[in-house]
Amino acid sequence: MSTKLRTMIVDDEKIIREAFLHWFEKHGQAADAAASGIEALEKLASQPFDLLFVDIKMPGMDGIELLGHVKSDYPETAVVIITAYASIESAIKAMKMGASDYLMKPFRPDQLSLVLEKVRQQKQRASEYDYVKGRLEKMTRFDNIIGRSIPMQEVFALIPEVAQSDASVLLTGETGTGKELVAKAIHAKSPRANLPFIAINCGALPESLLESELFGHEKGAFTHAASSRRGFLEIVSGGTLFFDEVGEISKKMQMDLLRTLEDKLIFRVGSRTAVPVDFRLVSATSQPLDKKRSEGSLREDFFYRIGVIEIKIPPLRDRREDVPLLVEHFLQKYGQETTKKVERVTPEAVERLMQYDWPGNVRELQNAIERAVVLSRGATLRLADFAFLTPSAVSLPQQTGTLRQREERYIYAVLCDNAWNITRSATVLGINRVTLHKKIKRYGFERK
Amino acid sequence: MVSREISIQVIALGPVDDRLLPIVAANVFAVFDLAAQVGRACEVPQGAYDPHRDQYEVAALLKSIENRRTVAANRQAVAESKTIAITAVDIFVPIFSYVYGEARQGASTAVVSIHRLADKPASAADIYLRAVKVALHELGHLFDMPHCEDDLCLMHYADTLAAIDRQHLQFCRYCRAELPPSGSERLG
């Protein structure tokens with residue numbers, strides 16, 4: 001059984017409205033009616049409709065004007081214009097304004113069925129498109145974090161779950177993997193989304209400055225403290241605090257923060273007055289915290305308090321299938337930000353980027369794309385545009401096969417890596433140019 | 001529990017082929033398992049005629065038949081009665097250029113026009129069959145049955161002659177479940 005459309009008939013003639021309503025009643029679906037455009041808009045404001053049959057000629061607001069309002073305010077509502085007056089101009093105008101169809105009354109009984117079926121199919125296609133688009137967006141992008149690989153899908157699945165609670169989250173991952181983006185996504189999905197998100201790089205600030213930045217200070221608390229100042233723990237006022245490189249916090253600061261997390265109270269530097277605070281903590285680290293715990297520079301109780309939930313962000317080399325998506329994303333980003341019209345990357349170049357290990361992860365990839373776009377001479381980025389990538393970070397395609405096969409693959413990889421520059425490639429391989437030429441001839445290499 | 005008596009009449013609304021009425025009545029019995037009688041004919045009310053369209057307006061036809069029914073029903077004290085009026089004139093409702101038949105949901109009277117059932121070349125038997133299907137469809141509406149998505153079912157909204165011809169002379173199993181209690185069921 002096909003889906004029934006929520007329908008409204010808008011016509012100033014009562015017998016027309018009744019005729020439609022009787023027909024829909026026999027069709028087993030409820031329909032509503034309005035005697036004017038104004039009444040129709042009032043009804044639309046209180047409940048959604050899938051389809052409107054609208055008479056063109058009505059006193060006050062005519063059908064074309066109503067069509068304009070509906071398409072502007074309720075774009076998902078289909079409108080079929082009905083009229084007793086044949087007018088090509090009004091038909092064209094209505095269709096251009098987004099009407100789904102145009103019927104001249106009285107119409108044949110099968111014309112009504114055809115129109116309903118047409119609208120139903122349009123809606124089904126639209127909803128299928130939205131579903132696929134939604135699935136695709138969900139698969140490839142989560143609040144600006146891009147990835148369709150299984151490791152990233154697992155991260156995406158965790159974000160909304162952890163967002164709903166106030167439990168402290170510890171994000172672990174190498175530099176450049178997008179830990180701050182994940183923290184922002186957690187904040188955006190949380191009940192605190194409308195409140196501030198404040199990021200603090202704990203490794204970038206000396207301890208005394210970090211203390212003042214976090215807890216605030218009273219006037220005169222230290223030299224140059226010319227006035228009182230609220231710290232981030234107060235300013236965040238119910239939002240989310242993101243501590244990047246949390247492992248760099250001193251042991252004294254860890255103790256102060258631990259008390260703050262337990263009591264939800266702070267004391268500004270130089271003050272004896274307790275100030276209540278409310279925030280959700282998300283921390284991140286690119287360093288293995290276990291080592292710091294064993295060294296004694298990270299308190300056990302602080303470690304457990306900041307990492308009630310741990311989310312591991314995978315390095316880019318563990319999710320190489322996301323590289324093409326990221327490349328496309330950054331290409332679009334830098335295409336908009338620069339005057340360069342770089343629109344695509346050759347498959348060979350993408351393959352090369354997928355083989356690269358990206359020690360700097362997504363940030364390094366982003367920089368690579370930006371550099372390639374800025375220095376490009378055409379609309380397409382090629383292999384040579386990425387020749388600057390460090391050869392040692394190239395993953396050898398395969399580590400199996402005979403010695404000859406391995407040599408063949410490695411030489412080819414180095415040639416590609418150096419944009420087929422014989423001198424540079426020979427230097428990397430540790431052989432002279434003549435030997436390299438012989439090897440190229442022996443293996444039948446051809447520059448693509 | 002008192003079983004309700006259901007009376008079904010098939011009448012002519014204006015001049016109609018005499019053979020058609022008992023055929024319709026017989027098929028009502030065959031499909032609904034409800035006894036149907038051929039009733040007294042009535043005239044087509046001229047007040048229903050629309051000279052602009054050269055057609056007869058259904059609401060006015062139904063009203064005329066209803067008025068006559070009320071008098072007769074009062075005399076017979078029948079618990080529930082339905083009337084199927086067969087006419088040869090062309091009929092319409094305001095939004096459609098024509099209809100083959102019309103009935104309001106759960107009402108007591110339906111009208112069926114054979115005027116356009118001969119539009120496609122057809123034998124007399126084909127025309128009778130079409131008329132029967134339309135009549136049974138409209139009678140279904142009188143028993144509050146809605147349109148059916150199954151295009152072979154009698155309750156399918158058959159908006160063309162081809163659609164009527166495609167219909168089987170029966171309801172699908174889902175619509176059959178909505179039929180009123182049959183004569184044999186009521187007798188227990």
Side-chain angles (χ1 to χ4, degrees), chain A residues 1-5 7-31 33 35 51-58 63 80-86 101-121 124, chain B residues 48 50 52-55 57-60 62-63 90-107 109-111 113 116-117 119 134 137-151 153-164 166 172 174-175 178:
Chain A
M1 180 96 42
S2 58
T3 312
K4 301 289 186 193
L5 300 168
T7 308
M8 175 163 46
I9 297 93
V10 188
D11 197 307
D12 58 318
E13 285 186 83
K14 187 179 173 191
I15 56 168
I16 300 294
R17 297 197 302 273
E18 283 181 349
F20 267 108
L21 290 175
H22 286 135
W23 188 89
F24 278 105
E25 188 186 12
K26 289 195 294 184
H27 213 55
Q29 77 180 67
L51 171 61
L52 263 51
F53 286 94
V54 175
D55 190 24
I56 268 196
K57 245 178 146 26
M58 291 188 290
V80 173
I81 293 286
I82 52 175
T83 182
Y85 305 93
D101 215 322
Y102 184 97
L103 284 174
M104 221 183 89
K105 57 184 178 186
F107 36 85
R108 294 194 322 269
D110 60 308
Q111 282 178 299
L112 182 56
S113 316
L114 288 169
V115 160
L116 285 173
E117 188 54 32
K118 178 181 171 183
V119 171
R120 202 172 282 128
Q121 284 184 14
Q124 184 157 348
Chain B
D50 183 331
H52 298 291
R53 296 180 66 157
D54 192 21
Q55 291 174 302
E57 207 256 322
V58 161
L62 289 173
K63 192 173 175 189
D90 196 12
I91 61 175
F92 76 95
V93 294
I95 55 172
F96 291 132
S97 48
Y98 64 87
V99 288
Y100 298 119
E102 181 68 17
R104 301 276 155 83
Q105 284 297 102
T109 310
V111 64
S113 169
R116 291 182 186 252
L117 295 183
D119 279 356
V134 175
H137 176 96
E138 300 306 334
L139 183 59
H141 282 314
L142 296 184
F143 285 115
D144 216 10
M145 294 166 70
H147 287 150
C148 179
E149 296 290 330
D150 183 345
D151 63 348
C153 175
L154 275 173
M155 282 318 294
H156 184 67
Y157 176 59
D159 45 17
T160 60
L161 289 180
I164 295 174
R166 205 161 38 240
C172 69
Y174 299 102
C175 290
E178 293 187 41

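These numbers come from a predicted model, not from an experiment. Chain A is the first sequence line, chain B the second, and so forth, proteins listed ahead of strands; every chain is numbered from 1.
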Discussion item. Nearest 0.5 angstrom please: A/Leu112 CG to B/Asp159 CG, how far?
Written reply: 8.5 Å
Worksheet item: Once you round to the nearest 0.5 Å, how far does OG of B/Ser97 lie from CD of A/Gln111?
Response: 7.0 Å
Practice prompt. Mind checking the NE2-CH2 spacing from B/His147 to A/Trp23? Nearest 0.5 Å is all I need.
Written response: 7.0 Å
Discussion item. Quick check for you: to the nearest 0.5 Å, what is the distance between B/Glu57 atom CD and A/Ile15 atom CD1?
Written reply: 6.5 Å
Item to complete: Evaluate side chain to side chain contact (heavy atoms under 4.5 Å, CB included) for A/Arg108 paired with B/Phe96, printing each intermediate quantity in order.
Response: CA-CA 5 Å; A/Arg108 294 194 322 269; B/Phe96 291 132; over 6 Å; no
Worksheet item: So which part of B/Ala163 gets closer than 4.5 Å to some heavy atom of chain A, the side chain, the backbone, both or neither?
Response: neither
Response to the item:
Taken to the nearest 0.5 Å, the spacing of B/His141 NE2 from A/His22 NE2 works out to 12.0 Å
Worksheet item: Can you find a heavy atom in the side chain of B/Tyr100 that is under 4.5 Å from one in the side chain of A/Pro109?
Response: no
Item to complete: For A/Lys26, enumerate each residue passing the salt bridge (charged side-chain N to carboxylate O under 4.0 Å, His left out) test, keeping only those at least two apart in sequence or located in another chain.
Response: B/Glu102
Worksheet, complete the sentence: Among B/Ala59, B/Gly140, B/Pro94, the residue with the most heavy-atom pairs under 4.5 Å to chain A is B/Pro94
Worksheet, complete the sentence: Heavy-atom closest pair (A/Ser113 atom, B/Tyr157 atom, distance to 0.1 Å) is OG-CE2, 3.0 Å
